[in-house]
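Take a look at the structure below.
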Amino acid sequence: MSTSPRDRDEQGRARNARPRDGLGRPLPYGLPGVERQPEGVPRTPEEALTEAQRLLDLGRPFHAHEVLEDAWKAAPETERELWRGLAQLAVGLTHSARGNQAGASALLSRGARNISPYLDDPPHGVDVAGLLAWAESGTGVPRLTGGS
């Protein structure tokens, strides 16, 4: 049994402080890693989508997932499944980039299922139709909103 104390965040919650690579995989202590997204950052839906897209474009879907997860936690009940689905799509992309195709397929399917009820009236300019097509193909970088 280990006698070392658990890593904790500023609020005392257990949180692994090991550095992580660009896909969120833990690295050994002492190695340089990619800075993690801070948790609990209040953002408007548009800010969350913009930041998540920026991270996806940089090849950091794990970090985009963290931004989308914050939005999911802060979303009104009527939008929670949309944000949950968007976060799941980012996790699916993370699994794909890590070479876990079974995990990628499962998360892309789950994410698509959760965003599909918003197809007829997507909030915040989310490109639900485009994301559903992307999740089916699983190729390239998804565009969260239309237009770019």
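Below, all heavy atoms of this structure are taken into account, side chains as well, without hydrogens, waters or symmetry copies.
In this structure, the side chain of Ser105 does not engage the main chain of Gln101 through any donor-acceptor pair within 3.5 Å. With hydrogens and angles disregarded, no donor-acceptor distance shorter than 3.5 Å links the side chain of Asn100 to the backbone of Ser96.
With sequence neighbours excluded, no residue satisfies side-chain hydrogen bond (donor to acceptor under 3.5 Å, both in side chains) with Arg113. Residues forming a side chain to side chain contact (heavy atoms under 4.5 Å, CB included) with Glu47 (at least two apart in sequence, or on another chain): Arg43, Thr44. Residues that satisfy the side chain to side chain contact (heavy atoms under 4.5 Å, CB included) test with Thr50, not counting sequence neighbours, are absent from this structure. In this structure Pro32 satisfies the side chain to side chain contact (heavy atoms under 4.5 Å, CB included) test with no other residue, sequence neighbours excluded.
Expressed to the nearest 0.5 Å, how far CG of Asp70 lies from CD of Glu51 amounts to 11.0 Å. One finds the CD atom of Glu46 at 6.0 Å from the NE2 atom of His124 (value rounded to the nearest 0.5 Å). To the nearest 0.5 Å, atoms CD (Glu81) and CD (Glu79) are separated by 12.0 Å. We find the CG-CD distance between Asp57 and Gln53 to be 4.5 Å, quoted to the nearest 0.5 Å.
In terms of heavy atoms, Ala87 sits closest to Glu69 at CB-N, 4.1 Å. Of all the heavy atoms in Ala104 and Gly92, the pair that sits closest is CB-O, 3.3 Å. Residues Ala64 and Ala52 share a closest heavy-atom pair of CB-O, 3.5 Å.
In this structure, Val67 belongs to a hydrophobic cluster whose other members, linked by side-chain heavy atoms under 4.5 Å apart, are Leu55. Taking Ile, Leu, Val, Met, Phe, Trp and Tyr as hydrophobic and joining them when side-chain heavy atoms fall under 4.5 Å apart, one finds Tyr118 in a cluster with Leu49, Leu56, Leu68, Trp72, Leu82, Trp83, Leu86, Leu89, Leu93, Leu108, Ile115, Leu119, Val126, Val128, Leu131, Leu132, Trp134, Val141, Leu144.
If you check the side chains of Gln88 and His65, you find no donor sitting under 3.5 Å from an acceptor.
By the 6.0 Å contact criterion, CD on Glu136 is open, its count of non-hydrogen atoms from other residues, nucleotides or ligands being 12 or less.
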